[in-house]
Amino acid sequence: MNLITTVITITVLLSTLLTIVSFWLPQMSPDHEKLSPYECGFDPLGSARLPFSLRFFLVAILFLLFDLEIALLLPLPWGDQLASPLITFLWASAVLGLLTLGLIYEWTQGGLEWAE
């Protein structure tokens with residue numbers, strides 16, 4: 001019981017200390033740049049009908065696609081505890097191979113070139 005009380009006391013004191021310090025540390029000096037909204041490099045106060053580059057969306061989709069790779073490969077370290085770990089590693093290799101082929105295709109098609 002004494003250990004639980006000590007842990008709770010340390011947790012409350014530490015969180016209180018960090019909360020107090022977080023109010024003291026920031027420098028509150030707002031200027032025009034900090035107060036203006038930021039909209040992906042576009043002027044938010046201008047016309048909403050301006051043309052924009054589809055490269056922004058292509059890069060975002062590529063990021064999401066290759067970020068999905070992490071979610072698919074997260075259970076991989078626990079795959080060696082299964083009855084047949086070889087199948088798990090073969091599927092993981094297939095996913096990595098497919099993503100590598102997709103990356104090579106995007107690279108050769110020029111999808112990763114930001115400026116033309």
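From a predicted model like this one, the values you see are computed outputs, not experimental measurements. Heavy atoms only: backbone and side chains are in, while hydrogens, waters and symmetry mates are out.
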Distance from [X] atom [atom1] to [Y] atom [atom2], nearest 0.5 Å?
| X | Y | atom1 | atom2 | answer |
| --- | --- | --- | --- | --- |
| Leu25 | Ile20 | CG | CD1 | 12.0 Å |
| Ile4 | Thr9 | CD1 | OG1 | 11.5 Å |
| Asp67 | Leu62 | CG | CG | 12.0 Å |
| Leu99 | Leu65 | CG | CG | 6.0 Å |
| Ile61 | Glu106 | CD1 | CD | 9.5 Å |

key: Minimum heavy-atom distance Thr100-Leu96, with the two atoms named   = OG1-O, 2.7 Å
Non-hydrogen atoms of Ser15 and Thr19 that approach each other most closely = O-OG1, 2.7 Å
request  = Tell me, yes or no, whether the heavy-atom count around Leu82 atom CG, taken from other residues, nucleotides or ligands under 6.0 Å, exceeds 12.
outcome  = yes
ask   = Are Leu68 and Phe66 grouped together when hydrophobic residues (ILVMFWY) are joined by side-chain heavy atoms under 4.5 angstrom apart?
value = yes
query = Do Leu103 and Leu73 share a hydrophobic cluster, counting only Ile, Leu, Val, Met, Phe, Trp and Tyr and linking them when any side-chain heavy atoms are less than 4.5 Å apart?
reply = no
